[in-house]
Each structure stands twice: as C-alpha cells, then as structure tokens.
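Before any comments, here is the structure.
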Amino acid sequence: MLACERGHEDIVHSLLSAGANVDVRSTRELTGVHIMRGNLAESHETGTKQESKKIDPKELLESAAAGKDKSKSDDQKPPVVNEFFPKLEDLESEEKMIKKYSTHLTKEEQQEFIEEVNVILVTATSIEYRAVMGATAPTGGDGKYIKVITKDGSTNFILGKYGRCNVAVIMTEQGPDNTQKVLTSVLDDVKAEYVIAIGICYGAKESKTEELGDKTKLANIIVAKSIVNTEHQRSEEKRNVLPDTYHCGEKLLNLFKHEKVFNFKDKSVKVHVGVLASEFTLHRNEEEKQKILKQVPQALGGEMEANGINRVAVAKKDKFQWIVIKSIVDWGNEDKDKTWQPFGAVSCARFVLKCLKDQPDEGDPLKKTIK
C-alpha cells in the first residue's frame, strides 16, 4: 500500500509477483489501484513528469500479479547464437570427428598432437561443450577434430586450436567429483600447464540499475580471481567455520582481467573480476542459496566444478595453473530456467578466445615451456 502511495512501480511489481493481495484496503477503504489512480490524477493536475508516462494502474497491478513485467525491454532477451553453437550430432559425425585411442597413436602422432597441447579447456555440460567447440578449430589438415580415448579408457578429449593455443577440450559432467575424475585421467595423457574452465553459473546478487558495484546482471562474465569452497557449509551450519579459499593462476588471471566490457552479437557484456563460490549443489531456491552465500558475502556467483579442479591441482602438486571463467545465466532461485544458457555459454567461450588472441606477442601466449 505504501509503495502505491509513493508511486514506486518497481516495488509494486516485486510485491505482487511475490503474491501480495491486490484487494487489501487502507484505513480509507482504498485499494492500491485507487491510490495509484489518485496519484496519477494529482500529477496530471500539477504537471509533473508522471503525466507523460500514461500508466494504467489497473493494468500495472494486474500484469504484475500475473508475473508479467512490462517494464522489461528487448535487452532482456538473449541474442540468438545458433551459428556459434553446433549440435552434438554434427560435431560427432564422421565428417567432423576422427576417434583414436591414445594407446594406438604412433610416436609421430603423439609428438604432433598431444605433446604440443598445453591448455585443457574444461566444460561440464553439453551446452558449455558445444559453445567451446564452436570456437575451437580442428588441428588436422583434413579439417577434422581428433577425439582421443584416454589410456585408462575412462574418458576422452578433443584436440583442437583455440586461437593460437593447442588445446584439449573435455566435458566432465556437473560437480566436483566428476570433474576431478575426468581431469585426472586426461592429465595422465596430456601434460598441460594450464587449465581453463569455461561455462555458465548463477549470479549471487542481481542489479536493477546500471550501477553494478558488487551486483551483476544476466550474461555478465565473471573472471574468478579466487574460489571459495562452500561444500562443507551445509554440514557445518551450526558452527562458525570459515570456508577455504583457492587463488586462481596469476598468469591466467593477467590474460583475462583487463577487459571491462566484451561486445558480442550487438550486446555489451560486462566483465567482472572477483570471487566465485563453488560447491556440489545446483541451487533452485533463493533461501537455500542465501544460507550458503552469507558465509561468502563477496561472492559474485557460484558454480560446481572449481573444487574438483583444485583437488587435482593439489594431487599434482600444483604442476598446472587454473582459472574459472563463467557467464551468469540465472540467479539460482525458483525462477531458474535455460533462457540465457546458450548465449551465456557462447559469449563466455568467445570472450576467452578473444583474450587469447589479443596478445601483444605473436604465437601461442600459453606455449609449453617444458616438454
């Protein structure tokens, strides 16, 4: 009622979307519709700026109650990215992919392909994998990708060129355990010095204005300078336990931290350098998300794979640097859907590609130093 009296349309939308009762009456027996009509009539008489908006308060309240926010512009709709987003069946076709077992590769093939790879690109879902593969060029002269089955037979990786970098692309499935298992197997075959996780995440705090501060918007990209492990926060809820923090690789961070805005598909995507939370839970509830994030107020968002990468780094005695770069596609609450996932994944993959290309020196910026 107070929001109606003061003309706060955005607050009216939020309250009604949350289930506020439209029929509640004030002490003067007026509903919110009556109050807003009175405000508009008054503004018309006094010649204030509200006159030019031509707002129908009944339509405003009814649309908000129905969950429709008419203040949203076309900027809230993600651009279509189909041309950068190949289908799995196309990628896996015989015309595009050759399958080889690492144990069957000749010494010449190992020298030509695997031993030159120094970067592993980690994806968790098929959406992330398709986005990264859409930005990856085949290594072979025949225009085909090479899928290599690992020595232990547990997983595979794709050999390719990502800008000027020789890379192995992997898809781990979601969660730290799957990521740890797949990455460990691949690193037994590929002696890479850098691991880059590319994909999508949830945002911690949504901004309603252009002044973002520590808040974000959909499609914003987060370059993680550090990861906070919130896996154990649920089991330790009754104790004040500080979560572990892992710092991302300095050389990798220096490659990606300088861009403030990434322009892609006629959309300006803002880039943040900050903290990501990582755990094993896929959030779909605002209350549960906030229980975890209250321990990490500095977090810009959250994801599920970084802890698995860190476990491998520890087991390998930090023989590789790693970083996580992800795009916000939802808020980890009840409104979670897949609308922004394709654009978020593609724009994130293309952002990483651009940064690797835009280096002052010619050649591979992450070229292997030790063979």
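Keep in mind that the numbers below use all heavy atoms, side chains included, and drop hydrogens, waters and symmetry copies. These numbers were taken from a predicted model, which means no experiment stands behind them.
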More than 12 heavy atoms of other groups within 6.0 Å of [X] [atom1]:
X: Glu89; atom1: CD; result: yes
X: Glu92; atom1: CD; result: yes
X: Lys99; atom1: NZ; result: no
X: Lys87; atom1: NZ; result: no

Quiz item: Is there a side-chain contact (heavy atoms from CB on, under 4.5 Å) between Met304 and Glu279 once you walk through the steps?
Solution: CA-CA 5 Å; Met304 300 173 64; Glu279 61 167 311; 5.8 Å; no
Nearest 0.5 Å, please: how far is [atom2] in [Y] from [atom1] in [X]?
X: Leu276; Y: Glu303; atom1: CG; atom2: CD; result: 6.0 Å
X: Tyr202; Y: Ile328; atom1: OH; atom2: CD1; result: 10.5 Å
X: Leu121; Y: Tyr162; atom1: CG; atom2: OH; result: 6.0 Å
X: Asn254; Y: Ile323; atom1: CG; atom2: CD1; result: 9.0 Å
X: Phe351; Y: Ser327; atom1: CZ; atom2: OG; result: 10.5 Å
X: Lys77; Y: Thr339; atom1: NZ; atom2: OG1; result: 11.5 Å

Is any side-chain heavy atom of [X] closer than 4.5 Å to a side-chain heavy atom of [Y]?
X: Thr136; Y: Tyr145; answer: yes
X: Val269; Y: Asn263; answer: no
X: Asn220; Y: His272; answer: yes
X: Thr125; Y: Gln341; answer: no
X: Leu91; Y: Lys96; answer: no
X: Leu183; Y: Ile309; answer: yes
X: Tyr129; Y: Ile158; answer: yes
X: Phe157; Y: Val169; answer: no

Any sub-3.5 Å donor-acceptor pair from [X]'s side-chain atoms to [Y]'s backbone N or O?
X: Thr230; Y: Ser278; value: yes
X: Thr123; Y: Ile170; value: yes
X: Asn307; Y: Pro176; value: no
X: Glu128; Y: Ala124; value: yes
X: Asn156; Y: Thr150; value: no

Taking all atoms of both residues into account, what is the closest heavy-atom pair of [X] and [Y], and its distance?
X: Gly160; Y: Thr139; answer: CA-CG2, 3.2 Å
X: Cys355; Y: Leu255; answer: CB-O, 3.8 Å
X: Ala219; Y: Trp340; answer: CB-CZ3, 3.7 Å
X: Arg350; Y: Gly134; answer: NH2-O, 2.6 Å
X: Asp188; Y: Lys316; answer: OD1-NZ, 3.1 Å
X: Pro138; Y: Lys144; answer: CB-O, 3.4 Å

Exercise. Check the pair Lys251, Tyr194 against side chain to side chain donor-acceptor pair (under 3.5 Å), reporting the backbone distance first and the verdict last.
Key: CA-CA 9 Å; Lys251 183 172 182 178; Tyr194 304 99; 3.3 Å; yes
When you check the gap from the basic side-chain N to the acidic O, do [X] and [Y] get nearer than 4.0 Å?
X: Arg130; Y: Asp90; result: no
X: Lys191; Y: Glu115; result: no
X: Lys354; Y: Glu259; result: yes
X: Glu83; Y: Lys265; result: yes
X: Glu173; Y: Lys181; result: no
X: Lys338; Y: Asp330; result: no

Self-check item: Lys161/Asn166 under side-chain contact (heavy atoms from CB on, under 4.5 Å): CA gap, chis, key distance, verdict
Solution: CA-CA 5 Å; Lys161 294 283 290 187; Asn166 296 307; 3.0 Å; yes
Self-check item: Partner set under ring pair (Phe, Tyr, Trp, His ring centres under 6.0 Å) for Tyr246, not counting sequence neighbours
Solution: none
Quiz item: For the hydrophobic clusters of this structure (ILVMFWY residues joined by side-chain heavy atoms under 4.5 Å, transitively), does one cluster hold both Ile200 and Phe85?
Solution: yes
Exercise. Decide whether Leu88 and Val122 are clustered together by the hydrophobic rule: side chain heavy atoms of Ile, Leu, Val, Met, Phe, Trp, Tyr closer than 4.5 Å, transitively.
Key: yes
Practice problem: Please test Glu193 against Asn118 for side chain to side chain donor-acceptor pair (under 3.5 Å), starting from the C-alpha separation and ending with a verdict. | Solution: CA-CA 6 Å; Glu193 295 176 287; Asn118 201 32; 3.1 Å; yes
Quiz item: When Val324 is tested against each of Ile227, Ile198, Ile196 for side-chain contact (heavy atoms from CB on, under 4.5 Å), which residue passes?
Solution: Ile227
Exercise. Please name the residue in the list Val223, Leu253, Val271 that meets the side-chain contact (heavy atoms from CB on, under 4.5 Å) test with Ile325.
Key: Val223
Practice problem: Might you work through the side chain to side chain donor-acceptor pair (under 3.5 Å) test for Asn333 and Lys336, ending with a clear yes or no? | Solution: CA-CA 6 Å; Asn333 56 23; Lys336 180 184 180 74; over 6 Å; no
Practice problem: Please lay out, stage by stage, how Ile120 and Val186 fare under the test side-chain contact (heavy atoms from CB on, under 4.5 Å). | Solution: CA-CA 9 Å; Ile120 297 176; Val186 173; 3.9 Å; yes
Self-check item: Asp152/Ser185 under side chain to side chain donor-acceptor pair (under 3.5 Å): CA gap, chis, key distance, verdict
Solution: CA-CA 7 Å; Asp152 62 10; Ser185 176; 2.9 Å; yes
Practice problem: For the residue pair Phe262 and Phe264, categorise the inter-ring angle as parallel (less than 30°), tilted (30 to 60°) or perpendicular (more than 60°). | Solution: parallel
Self-check item: Full working for side-chain contact (heavy atoms from CB on, under 4.5 Å) between Val329 and Cys201
Solution: CA-CA 6 Å; Val329 296; Cys201 66; over 6 Å; no
